[in-house]
Amino acid sequence: MRVLPVWEEWLRRWPEPADLAREPAGEAVRSWGRLGYPRRALRLHAAAVAIGQDHGGKVPADYTELLALPGVGSYTAAAVAAFAFGRRETVVDTNIRRVHARLFSGAALPSPALTAAEMRLAAQLLPDDAGTSVRWNAAVMELGALVCRARAPKCSACPVRDRCSWRAAGEPPPSYVPKGQAWHGTDRQVRGAVMAVLRLADSPVPAEMFQQAPADLGFEPSGTGVPLAALHRLNSAPEQLERALAGLLEDGLAELHQGGYRLPG
DNA sequence: AAATCGTGGCC
DNA sequence: TGGCCAAGATT
């Protein structure tokens with residue numbers, strides 16, 4: 001998929017956390033490219049720094065220590081401990097939640113928020129042997145991703161279809177509708193367009209460059225032409241652009257330098 | 001604790 | 001083609 005080339009280049013450049021930690025955070029964001037959620041790149045960099053400071057440059061194998069790293073929540077801490085270090089951890093991602101919801105609750109989808117009862121169930125199902133538990137976690141996750149999918153599940157290919165509460169109940173539809181996320185015309189869209197400009201810019205981008213058509217400016221910083229045109233095409237209201245820029249500054253995804261915006265140095 | 005967050009694949 | 005959707009962390 002589209003992640004693979006980015007991942008390979010990332011590990012080629014920064015094989016160890018310390019290699020990433022010595023870079024400016026903006027380099028991580030730039031290398032992240034168009035994978036989305038650029039804050040994840042920022043937090044990955046922050047995690048690399050924390051690993052150097054608190055763990056001697058080695059990724060900790062302990063769930064609680066992983067959980068303390070920036071950007072690492074309960075799922076990621078459990079997944080890293082289990083899949084990277086072979087630990088017996090209760091891994092619960094959205095796929096596993098859906099499999100459990102269907103098999104045991106008879107619901108088409110899990111509840112909107114992860115509950116303590118779900119964690120108890122997953123912990124109870126987890127095999128005792130560490131090695132087996134790792135395979136169990138991977139297997140249930142894959143079952144959810146490939147067979148017990150959110151839409152168009154392939155029940156005919158499911159190895160546990162005969163024990164599925166949801167199937168036994170006649171596959172009732174979801175009891176709630178996942179709320180869609182607006183995109184066109186949102187601040188989020190403007191943020192994305194601004195980030196695309198900043199990733200390609202090799203020098204700080206003055207605020208006025210975001211507010212005018214590139215053609216009207218009579219100049220362009222090298223490498224920003226295409227995304228700048230895309231940003232202008234959005235025709236965002238000035239206050240919306242301001243909100244997006246302010247939000248990016250607040251999130252640490254951009255900073256002001258010599259009168260312009262750039263990725264964090 | 002409900003809202004926010006980027007992007008591309010899919011139909 | 002364009003609307004819908006994914007998915008975990010943070011605040």
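Being a predicted model, the structure only gives us computed values, none of them experimental. Convention: sequence-line order gives letters A, B, ...; per-chain numbering from 1.
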Revision key, fill the gap. For A:Trp166, the other hydrophobic cluster members (4.5 Å side-chain criterion, sorted by chain and number) are none
Practice item. May I have all residue pairs that pass side chain to side chain donor-acceptor pair (under 3.5 Å) and include part of residues 241-258 of chain A, sequence neighbours excluded? Key: A:Asp187-A:Arg243, A:Arg191-A:Asp251, A:Glu255-A:Arg262, A:His257-A:Arg262
Exercise for review: Quick one: label A:Arg40 by what it contacts on the DNA or RNA (base, sugar-phosphate, nothing), any heavy atom closer than 4.0 Å.
Suggested key: base
Point to revise | Spacing of CG belonging to A:Leu241 relative to CG belonging to A:Leu234, to within rounding of 0.5 Å | key: 9.5 Å
Practice item. Report the distance from atom CZ of A:Arg98 to atom CG of A:Asp93, rounding to the nearest 0.5 Å. Key: 8.5 Å
**Study point:** Spacing of A:Arg98 atom CZ relative to C:dC5 atom C1', expressed in whole Å
**Key:** 12 Å
**Study point:** Set of salt bridge (charged side-chain N to carboxylate O under 4.0 Å, His left out) partners for A:Glu142, sequence neighbours left out
**Key:** none
Practice item. Please measure how far the P atom in B:dG6 lies from the corresponding atom in C:dT11, and state the result in whole Å. Key: 14 Å
Check your understanding: In whole angstrom, what separates A:Asn95's CG from C:dC5's P?
Key -> 17 Å
Practice item. Return the value, rounded to whole Å, for the distance between atom CD of A:Glu250 and atom P of C:dT10. Key: 16 Å
Point to revise | Nearest-angstrom distance from the residue atom OH of A:Tyr75 to C1' of C:dT10 | key: 18 Å
Exercise for review: Consider the side chain of A:Ala150, meaning its heavy atoms from C-beta on, and name the nucleotide among C:dT10, C:dG3, C:dA6 that approaches it most closely.
Suggested key: C:dA6
Practice item. List, by chain and number, the other hydrophobic cluster members for A:Phe85, where Ile, Leu, Val, Met, Phe, Trp and Tyr join if side-chain heavy atoms come within less than 4.5 Å, directly or indirectly. Key: A:Ile51, A:Val59, A:Leu66, A:Leu69, A:Val72, A:Val80
Practice item. Give the other cluster members for A:Val92, using side-chain heavy-atom distances under 4.5 Å between Ile, Leu, Val, Met, Phe, Trp and Tyr residues; answer none if it is isolated. Key: A:Leu114, A:Met119
Check your understanding: Base, sugar-phosphate, or nothing: which does A:Arg188 touch, judged by heavy atoms less than 4.0 Å apart?
Key -> base
Review point. Within this structure, what is the CZ-to-C1' distance between A:Arg39 and C:dT10, rounded to whole angstrom?
Key: 7 Å
Practice item. Mind calculating the distance between CZ (A:Arg149) and C1' (C:dC4) to the nearest angstrom? Key: 16 Å
Review point. Quick one: is C:dA9 close enough that its OP1 or OP2 comes under 4.0 Å of any side-chain N or O from A:Thr76?
Key: yes
**Study point:** Integer-rounded Å distance: C:dC5 P and A:Leu109 CG
**Key:** 11 Å
**Study point:** Segment of DNA chain B, first to last nucleotide, that comes within the 4.0 Å heavy-atom reach of chain A
**Key:** B:dC5 to B:dG8
Review point. Across the strands shown, which category fits A:Pro38 at heavy-atom distances under 4.0 angstrom: base, sugar-phosphate, nothing?
Key: sugar-phosphate
Practice item. Check every strand shown and say whether A:Gln181 touches a base, only sugar-phosphate, or nothing at a heavy-atom separation below 4.0 Å. Key: base
Review point. How would you label the contact of A:Arg199 with the nucleic acid (heavy atoms, under 4.0 Å): base, sugar-phosphate, or nothing?
Key: sugar-phosphate
Exercise for review: Select base, sugar-phosphate, or nothing to describe what A:Asp93 touches, counting heavy atoms under 4.0 Å on all strands.
Suggested key: sugar-phosphate
